[in-house]
Undergrad: 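What follows is a single structure, and I will ask about it in a moment.
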Amino acid sequence: MTNDDRGGDRAPGLTQGFATRAIHAGETPDPATRAHNTPIYMTATFTFDTGEEKEAAVDSSLAWQGGYFYSRTGNPTTSALEAKLASLEGAEDAVVGASGMAALASLVYSVVRAGDHLLVADDIFAISRVLISDDLPRRGVDVSAVDITDLDAVRAALRPNTRAIVTEVLSNPFMRIADIPALAAIAHSHGAKLLVDNTFLSPYVYRPLPDGADAVVHSATKYLAGHGDALAGVVAGAKSIIDGVRYHLDAIGGAASPFNSWLVMRGVRTLPLRMEAHSRNGQALAGLLASHPAVEWVRYPGHPSHPDFATAERLLGDRRGGMMTVKIRGGATEMYAFTNATRLCSIAVSLGDLYTLVYPMPKRGDIVRISTGCEDREDILADVGRALDAVPLPVG
């Protein structure tokens with residue numbers, strides 16, 4: 001399946017293209033006022049004409065299908081966003097939570113339990129690692145880490161009680177690329193599920209579900225919202241999985257704010273436009289970094305020097321997103337000389353923003369993660385070029 005089938009054009013079985021669904025899916029004019037934009041339903045509770053109506057709505061199966069009674073369990077603004085994201089992922093259902101970590105935690109809790117084994121990629125987001133490697137063992141779940149790009153090592157690490165494999169498509173922070181179709185085949189042949197974090201690419205660049213993943217999770221704070229102004233997370237997949245995630249999100253109080261759901265929904269409408277700009281700028285920036293004498297290496301899925309370039313070519317097509325990691329020659333001094341000399345680019349810990357963000361990581365080997373924004377390409381290149389020229393090069 002090509003990238004255009006997954007993202008930019010029409011996906012199999014769907015009658016409308018990705019951009020049309022990003023704008024329209026899940027949304028209709030408000031039936032009460034005919035307002036064109038979906039309202040922000042800033043309410044904690046909902047009222048009923050009769051006690052019997054209340055009792056029917058509190059039934060969980062109805063509460064998740066429009067029988068609203070309390071916004072921790074369901075809210076019309078959030079429901080509209082869930083329908084939109086399910087459409088974009090090609091999923092049967094989706095659920096939105098307060099953050100990416102709330103979404104990931106609820107997904108993992110719904111799949112594994114005490115006595116199970118979970119296999120996780122050895123390069124993942126730091127807080128995901130805390131959840132999986134620190135919290136789950138305290139709950140009686142066995143966890144082991146593996147180089148997810150080594151398929152033989154993945155097969156060898158499976159145990160009779162392995163319930164799931166957890167990986168990122170594009171890993172944080174070293175930008176390794178997981179072969180999702182191959183991993184799905186391995187997991188399913190073992191009776192396990194494949195749970196995939198696709199935050200770094202977004203469903204416009206790649207959709208894991210058609211390639212066999214059982215559930216996909218995003219920090220919607222990042223590319224889906226796109227403007228650095230809202231916290232949210234999403235899980236999409238089969239309804240049988242999503243019902244379990246909803247149960248855990250409700251139980252831990254992980255509901256998204258209706259206002260944040262509205263902000264993410266607004267951001268998703270421009271996701272195709274932004275991801276095209278992120279990808280163009282990322283490709284150009286990776287080329288500049290790879291050619292500069294101050295750079296030891298750069299990892300960007302669109303650059304031929306990437307160790308998983310062939311996998312990227314096969315899975316992603318011609319869009320590679322805006323995420324990359326660079327190693328400046330030298331150590332922390334040189335790394336900070338680079339990051340501190342940027343002016344247009346901002347030093348920040350997030351990603352997927354309109355702004356280009358640089359994130360120095362001294363505890364990960366003095367690397368710098370870069371989230372390429374949507375500014376004019378020439379301005380990004382000029383700023384990064386000046387910052388690279390500020391790095392003191394070794395003499396001789």
Side-chain angles (χ1 to χ4, degrees), residues 1 6 12 86 89-95 100 103-125 128-129 131-133 135-137 139-172 174 176-201 203 205-218 233-245 248 308 310-312 314-316:
M1 186 182 294
R6 291 192 183 89
E89 290 288 359
E92 189 177 10
D93 199 6
V95 59
L104 177 63
S106 297
L107 172 61
V108 172
Y109 293 157
S110 70
V111 171
V112 298
R113 56 186 55 87
D116 289 339
H117 171 247
L118 186 144
L119 188 60
V120 62
D122 62 359
D123 183 31
I124 58 171
F125 174 49
S128 298
R129 188 168 61 249
L131 168 74
I132 292 171
S133 299
D135 185 69
L136 285 182
R139 298 171 183 266
V141 176
D142 256 351
V143 174
S144 56
V146 66
D147 178 356
I148 208 71
T149 66
D150 184 341
L151 297 179
D152 288 335
V154 173
R155 293 185 188 96
L158 292 170
R159 303 178 187 175
N161 60 334
T162 302
R163 288 288 301 276
I165 300 173
V166 176
T167 187
E168 296 164 345
V169 181
L170 184 60
S171 73
N172 183 5
F174 286 103
R176 297 305 301 267
I177 300 171
D179 189 336
I180 299 303
L183 290 168
I186 292 171
H188 297 161
S189 69
H190 192 76
K193 292 186 178 354
L194 179 62
L195 313 179
V196 176
D197 185 330
N198 194 33
T199 296
F200 273 23
L201 291 175
V205 174
Y206 179 66
R207 291 193 296 131
L209 296 179
D211 273 344
D214 295 284
V216 59
V217 61
H218 295 266
V234 61
V235 183
K239 188 177 185 303
S240 58
I241 293 178
I242 300 306
D243 280 352
V245 180
H248 282 276
D308 309 314
T311 305
R314 176 164 46 88
L315 296 187
L316 308 185

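Source: prediction; values computed, not measured. FYI, side chains are in, hydrogens and waters are out, and symmetry mates aren't considered; it's all heavy atoms of this structure.
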Undergrad: Taking side chain to side chain donor-acceptor pair (under 3.5 Å) as the test, write out the residues that go with E168, two or more places apart.
TA: none
Undergrad: Would you name the heavy atoms of E89 and L209 that are closest together and state the gap between them?
TA: O-CD1, 3.8 Å
Undergrad: CD1/I180 to OG1/T167 distance, rounded to the nearest 0.5 angstrom?
TA: 5.5 Å
Undergrad: Looking at every non-hydrogen atom in both residues, tell me the closest pair between V234 and A94 and how far apart they are.
TA: CG2-CB, 4.2 Å
Undergrad: If the condition is salt bridge (Lys or Arg N to Asp or Glu O under 4.0 Å), which residues does R129 pass it with, not counting sequence neighbours?
TA: none
Undergrad: If you look only at pairs with a residue in residues 179-199, which of them pass as a salt bridge (Lys or Arg N to Asp or Glu O under 4.0 Å), with sequence neighbours excluded?
TA: D179-R314
Undergrad: List for me each residue that meets salt bridge (Lys or Arg N to Asp or Glu O under 4.0 Å) alongside D123, sequence neighbours excluded, and say none if there are none.
TA: R364
Undergrad: Can you list everything that forms a salt bridge (Lys or Arg N to Asp or Glu O under 4.0 Å) with D214? Sequence neighbours excluded, please.
TA: none
Undergrad: Partners of D308 by side-chain contact (heavy atoms from CB on, under 4.5 Å), sequence neighbours excluded?
TA: T149, R176, I177, H306, T311
Undergrad: Of all residues at least two apart in sequence or in a different chain, which pass the side-chain contact (heavy atoms from CB on, under 4.5 Å) check with R155?
TA: L151, D152, I186
Undergrad: Can any side-chain N or O of D93 pair as donor or acceptor with the backbone N or O of D243 at less than 3.5 Å?
TA: no
Undergrad: If every non-hydrogen atom of L315 is compared with every non-hydrogen atom of A178, which pair is closest and at what distance?
TA: CD1-O, 3.6 Å
Undergrad: Might you work through the side-chain contact (heavy atoms from CB on, under 4.5 Å) test for L104 and L195, ending with a clear yes or no?
TA: CA-CA 9 Å; L104 177 63; L195 313 179; over 6 Å; no
Undergrad: Just to verify, what does A103 make a side-chain contact (heavy atoms from CB on, under 4.5 Å) with, not counting sequence neighbours?
TA: V217, V235
Undergrad: I'd like to check the side chain to side chain donor-acceptor pair (under 3.5 Å) partners of S110; sequence neighbours left out, ordered by chain and number.
TA: none
Undergrad: For S133, check side chain to side chain donor-acceptor pair (under 3.5 Å) against everything at least two apart and list the hits.
TA: none
Undergrad: Indicate the atoms forming the closest heavy-atom contact of L194 with A184, along with that distance.
TA: CD2-N, 3.6 Å
Undergrad: From S171 OG over to I148 CD1, what is the distance, rounded to the nearest 0.5 angstrom?
TA: 10.0 Å
Undergrad: Report the C-alpha distance between D135 and Y109 in whole Å, list the side-chain angles of each, state the deciding distance to 0.1 Å, and finish with yes or no for side-chain contact (heavy atoms from CB on, under 4.5 Å).
TA: CA-CA 11 Å; D135 185 69; Y109 293 157; 2.8 Å; yes
Undergrad: How long is the gap from CG on N172 to CZ on F200, to the nearest 0.5 Å?
TA: 3.5 Å
Undergrad: So, for A114 and V141, which heavy atoms are closest and what is the spacing to 0.1 Å?
TA: N-CG2, 4.2 Å
Undergrad: Could you list the residues that satisfy salt bridge (Lys or Arg N to Asp or Glu O under 4.0 Å) with R113, not counting sequence neighbours?
TA: none
Undergrad: Taking salt bridge (Lys or Arg N to Asp or Glu O under 4.0 Å) as the criterion, tell me which of R163, R139, R159 meets it with D116.
TA: R163
Undergrad: Taking the side chain as every heavy atom from C-beta outward, state whether L158 and I165 have any atom pair closer than 4.5 Å.
TA: yes
Undergrad: What are the two closest non-hydrogen atoms of G115 and N161, and how far apart are they?
TA: O-ND2, 2.9 Å
Undergrad: My understanding is that only residues two or more places apart in sequence, or in another chain, count here; which of them pass side chain to side chain donor-acceptor pair (under 3.5 Å) with S106?
TA: none
Undergrad: Below 4.5 Å, heavy atoms only, C-beta onward: do H218 and P203 meet side chain to side chain?
TA: yes
